[in-house]
Amino acid sequence: MRSLPRWSRAALAAFGALGAVAFPGTGTAAYPEKPITFLVPFTAGGATDLTARAIGKVAAKDLGQPMVIVNKPGAGGAAALAELAKAAPDGYTLATFNAIVAAIGPHMREMPFDAKKDFTPIMNYGAYTTFIAVRAAAPWKSLKDLVEYAKANPKVLTAGISAIGASSHLGMARLMAENKAEATFVPFGGGAPAVAALLGGHLGTAVVSGEILPHVRSGEVRLLTLLQDAKVKEFPDLKNIRELGYDWDLNSWLGIAGPPGMNPAVVKTLEQAFTKAMQDPEFKDVMEKLAMLTIYHDSATAKTVLDKSYDEFGAIVKTLGIGLYTKK
Amino acid sequence: MIHDIAQAVALVLTWQAVLWITLGYSFGSLLGAIPGLTGIVGIALLLPLSYYLPPWVAIPMLMAISKGSSFGCNIPAILINTPGTPAAAATCLDGHQLALQGRSGKALKANLYAGLIGDTFSDIVLIFSAGLLARVALKFGPAEYASLMVFALTVVGAVSTGAVIKGVMGAALGVLLGVVGMDMITGVSRLTFGVIELGDGIAMIPLMIGLLALSEIFLHAEKLLASRDADQGRVATVPPPRHPDDSRITRDEVPRFARATAIGALIGTVVGALPGIGQSVAAFVGYGEARRFSPNPEAFGRGSIEGVAAPEAAASAVNGANLIPLLALGIPGDVVAAVLLGALMIQGLAPGPLLFEQHRVTVFALYAGMMITNLIHWPVGLVFIRASNLVSRIRLAHMMPVVFILCVAGTFALGNSVFDVYVMIIAGVGGAVLRKGGFAPVTVVIGFILGPLLENSARQALLLSQGSFLTFITRPISLFFLVLTAASIVGSFLYARQRGSAAIPGATTSE
């Protein structure tokens with residue numbers, strides 16, 4: 001029976017699930033000599049969690065120490081990052097780190113950390129996608145059509161987004177502002193409910209992530225653009241925002257960071273282990289199935305990207321007058 | 001077609017598949033039986049393992065954990081009035097009253113069979129009409145959701161223990177607690193007082209466990225300390241049955257049980273098919289509607305078998321119906337469905353309109369796995385009921401400290417957050433104070449759940465309608481729910497008047 005090895009692997013994994021997957025004793029360097037805590041600021045089973053588990057699992061093999069995934073959702077991800085900022089910089093506490101929490105979050109509400117100073121970015125391995133989608137039956141065939149409609153009919157176009165201050169909101173808002181067009185933003189608390197509202201005909205457009213793709217495949221929804229500077233293999237004809245002539249894109253990076261003041265040698269070890277893990281077919285498979293973009297930034301680049309995107313998103317939030325810049 | 005089904009059933013009918021599903025179900029029931037731990041914790045634990053299993057085993061196994069926990073959490077809810085989920089809070093309104101009368105066996109069996117029927121019913125609906133129902137559910141936009149929530153709020157009248165005005169006050173407090181955190185529509189933080197942990201609002205499970213379970217423990221402790229009678233410390237968790245009929249559903253009760261179960265299963269299936277509402281609302285609406293259509297609504301709140309059956313059937317029916325939007329559209333209806341979505345995608349089964357075409361056999365196999373779960377539900381449930389008979393003989397004085405520790409540990413485990421534990425303890429004190437004042441803390445929970453759902457949907461609807469309130473009455477489904485709400489309020493006034501009593505409608509006289 002072909003399925004037999006699967007069963008026995010499952011039994012092995014069952015033991016792993018009780019604690020963490022252990023791969024003891026293969027490392028030779030002094031670091032790491034004990035398990036590494038890997039904080040995930042989101043609930044288990046979500047896209048970010050699944051990619052973190054996938055990359056963590058492979059890197060753990062290489063480092064010779066298990067990665068203990070600790071899901072600590074709460075306060076929009078700030079709870080976990082606050083813990084990370086205060087943790088000992090010994091390389092035994094790491095966290096998933098992304099643009100939403102670190103580069104946008106601090107402009108939306110008071111955070112117990114300074115995103116630019118209180119973390120050591122280790123590397124970035126992916127990015128979230130942001131599509132602008134309309135129903136196939138909608139009159140807008142291109143992004144230009146949509147923008148022109150929003151310009152001619154201020155605030156009539158309704159745009160479903162996951163949340164105020166989400167990258168989907170900031171990207172669409174920037175697009176509207178640049179073209180002197182106006183849309184009414186309707187937050188749905190997540191991408192999936194916005195997709196449902198689009199399919200149900202309650203919305204003009206939805207600015208969402210990979211959850212829209214099944215409906216693009218079924219022909220019910222048309223994508224107008226991707227706000228990241230990337231291509232989606234499955235839809236080669238889809239032009240991204242830069243290809244459509246804009247000189248910006250949405251930098252919604254996802255990576256791994258540690259506490260401030262980490263030993264550069266430890267950062268190097270981790271950076272190499274995670275970088276190598278990106279080549280693992282299982283990790284690649286997870287990223288593809290979850291419709292995530294794969295990007296790569298080393299530690300130094302990740303730091304530059306953090307600072308740059310922090311300022312960029314800050315400027316958009318300020319222009320929009322939301323979050324900490326809400327007019328009282 | 002027949003060939004596909006046969007192939008699917010053959011895939012699932014292996015001893016390994018049955019074993020994994022049984023393990024998942026039992027694990028879920030055990031977790032659920034611990035206040036504070038919910039199915040979601042179990043699913044998160046076993047998620048990594050599911051990647052190694054074929055999808056028709058992995059997905060039913062994960063669902064079995066969720067189904068098991070929604071059964072299991074009713075056991076402590078019924079026996080010691082310490083619900084671990086809002087759905088269990090609805091079940092124990094009458095379940096615990098039955099237990100206090102020595103009828104815990106009856107309550108637990110009603111709970112088991114109602115759950116079983118609710119689950120199976122919604123699974124069958126899912127299997128035969130997922131695509132169609134998902135399309136109908138899409139007709140529900142924000143305006144429809146808002147009006148549905150207005151209707152759901154009328155359940156406050158049905159669960160108020162004292163005067164309805166106290167129920168309304170409780171619900172208002174719940175709404176107030178519910179608005180804490182970032183306002184979804186504007187992104188502005190409300191009532192957080194600069195506390196970072198409140199950024200996402202008060203977490204629902206810690207608040208609920210505090211209000212309902214912990215307050216119960218506090219009140220027991222008070223009773224024990226105040227009593228000079230040494231025997232008080234020897235009181236068993238629940239009184240023993242006085243008659244064999246106390247431990248089963250009698251023939252006379254079958255019609256009432258069946259009607260309540262049917263109402264619950266129907267409501268649960270509808271609510272489950274609408275993403276974003278969830279088991280809690282289904283259970284409470286199921287309770288309220290069963291009471292409305294019951295020939296003896298007075299018995300509700302005092303140990304009515306219908307009051308156990310309806311919410312449990314409704315909550316269980318959500319399990320299967322949640323897969324309607326999930327499989328057909330890729331839209332998860334609640335946290336459990338969100339995790340299942342991740343699991344499905346990792347298995348290479350991206351849910352959506354094409355899933356049924358591209359992975360027909362796998363989808364059929366998944367359905368078969370769900371049906372097997374329902375078959376397993378029965379014997380495993382009976383074993384759990386047997387075991388809970390032993391638990392119910394433990395002295396309350398021994399039981400309560402253990403439950404207290406489990407509440408703390410479970411709450412912490414939920415989000416790895418000490419702050420949540422503080423929330424639970426504060427809510428526990430608050431819940432005890434409310435009870436002393438004759439308020440039902442469960443109304444606070446209802447307000448807490450429904451308030452934000454109503455506010456967000458209503459404001460979304462107004463954004464979509466460019467600020468016009470007419471949207472709520474020009475859209476037929478929305479209008480329907482508003483008319484239903486009005487009819488239900490007027491109806492309960494007329495009912496009270498007809499009875500010739502001065503009692504406020506919906507009130508069961510407080511003791």
Side-chain angles (χ1 to χ4, degrees), chain A residues 3 6-7 9-10 12-14 16-18 21 43-47 49-50 53 70-76 78-79 82 108-112 155-156 158 163-165 184-189 192-193 195-197 199-203 211 213-215 217-218 220 286 289-290 322-323 326, chain B residues 16 20 40 43-54 137-142 182-189 192 194 196-200 203 275-276 325 329-332 335 338-343 345-346 348 350-355 415-417 419-420 456 460 463-464 466:
Chain A
S3 65
R6 278 191 116 169
W7 297 112
R9 276 164 75 194
L12 276 178
L18 295 174
V21 190
T43 47
D49 172 71
L50 292 172
R53 282 173 192 269
V70 177
N71 294 95
K72 195 179 165 76
M108 289 305 295
R109 46 185 165 184
E110 296 288 345
M111 292 284 191
K155 295 200 169 182
V156 174
T158 48
I164 294 291
T184 297
F185 287 100
V186 188
F188 279 85
V195 171
L199 294 174
H202 308 290
L203 278 175
E211 59 269 346
L213 296 180
H215 307 286
R217 291 179 198 125
S218 74
E220 214 171 334
V286 167
K289 280 176 178 164
L290 295 172
I322 56 170
T326 307
Chain B
Q16 295 99 328
W20 281 112
I40 195 77
I43 290 181
L45 270 175
L46 292 193
L47 189 64
L49 148 69
S50 76
Y51 305 149
Y52 299 99
L53 299 169
L138 286 178
K139 298 265 180 255
F140 277 70
M182 190 179 259
D183 168 30
M184 192 176 96
I185 306 294
T186 60
V188 174
S189 292
T192 55
I196 298 300
E197 286 86 350
L198 288 177
D200 279 349
L329 303 169
I331 291 156
V335 268
V339 177
L340 289 178
L341 175 64
M345 291 185 67
I346 292 291
L354 299 183
L355 178 70
N416 288 305
S417 154
F419 185 80
D420 284 349
N456 289 333
Q460 283 168 348
L463 281 172
L464 292 175
Q466 318 285 333

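Just so we're on the same page: letters track the sequence lines, and every chain starts at 1. Only a predicted model underlies this, so the values are computations on that prediction, with no experimental measurement involved.
- When all heavy atoms are compared, the tightest approach of A:Arg217 to B:Ala350 is NH1-CB, 4.2 Å.
- With respect to chain A, the highest number of heavy-atom pairs below 4.5 Å among B:Ala343, B:Ser50, B:Pro353 belongs to B:Pro353.
- The CD atom of A:Glu211 sits 8.5 Å away from the CE atom of B:Met345 when rounded to the nearest 0.5 Å.
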- Task: Show your reasoning for whether side chain to side chain contact (heavy atoms under 4.5 Å, CB included) applies to B:Ile346 and A:Leu50.
- Result: CA-CA 9 Å; B:Ile346 292 291; A:Leu50 292 172; 3.9 Å; yes
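- In terms of heavy-atom pairs under 4.5 Å with chain A, the best-connected choice from B:Asn456, B:Ile40, B:Leu47, B:Thr186 is B:Thr186.
- Heavy-atom distances place the backbone of A:Phe185, and not its side chain, under 4.5 Å from chain B.
- Proximity to chain A is limited to the side chain of B:Gln466, based on heavy atoms less than 4.5 angstrom apart.
- Annotation: the span from B:Leu329 atom CG to A:Ser218 atom OG amounts to 9.5 Å, rounded to 0.5 Å.
- Across all non-hydrogen atoms, the minimal contact from B:Ser189 to A:Arg109 is OG-CB, 4.2 Å.
- With respect to chain A, the highest number of heavy-atom pairs below 4.5 Å among B:Ala338, B:Gly352, B:Gly348, B:Ala44 belongs to B:Gly348.
- Partners of B:Asp183 according to the salt bridge (charged side-chain N to carboxylate O under 4.0 Å, His left out) rule, which considers only residues two or more places apart in sequence or in another chain, are B:Arg190, B:Arg459.
- B:Pro351 touches chain A through its backbone: at least one of N, CA, C or O sits under 4.5 Å from a heavy atom, while the side chain does not.
- Taking CG from B:Leu354 and CG from A:Leu213, the interatomic distance works out to 11.5 Å, rounded to the nearest 0.5 Å.
- Proximity of B:Met182 to A:Met108: side-chain heavy atoms (C-beta onward) are separated by under 4.5 Å at one or more points.
- When each of A:Gly201, A:Gly323, A:Pro112, A:Ala47 is checked for heavy-atom pairs under 4.5 Å with chain B, A:Pro112 comes out on top.
- B:Leu464 is listed as a side-chain neighbour of A:Val186, based on a closest heavy-atom distance under 4.5 Å.
- Between the CD1 atom in B:Ile331 and the CG atom in A:Leu199 there is a gap of 5.5 Å [rounded to 0.5 Å].
- The shortest heavy-atom contact between B:Pro332 and A:Ala192 is CD-CB, 3.5 Å.
- Ranking A:Ala44, A:Pro214, A:Pro187, A:Gly200 against chain B, the residue ahead of the rest is A:Pro187, based on heavy-atom pairs under 4.5 Å.
- Atoms OG1 and CD, from B:Thr192 and A:Glu110 in turn, are 9.5 Å apart once rounded to the nearest 0.5 Å.
- Within the 3.5 Å criterion, the main-chain N or O of A:Ala79 finds no donor-acceptor partner in the side chain of B:Glu197.
- For the pair A:Lys72 (side chain) and B:Asn416 (backbone), a donor-acceptor distance under 3.5 Å is present.
- Heavy atoms of B:Leu463 lying under 4.5 Å from chain A belong to its backbone as well as its side chain.
- If you measure heavy-atom distances from A:Ala197 to chain B, you find no contacts under 4.5 Å at all.
- Only the backbone of B:Phe140 has a heavy atom closer than 4.5 Å to any heavy atom of chain A.
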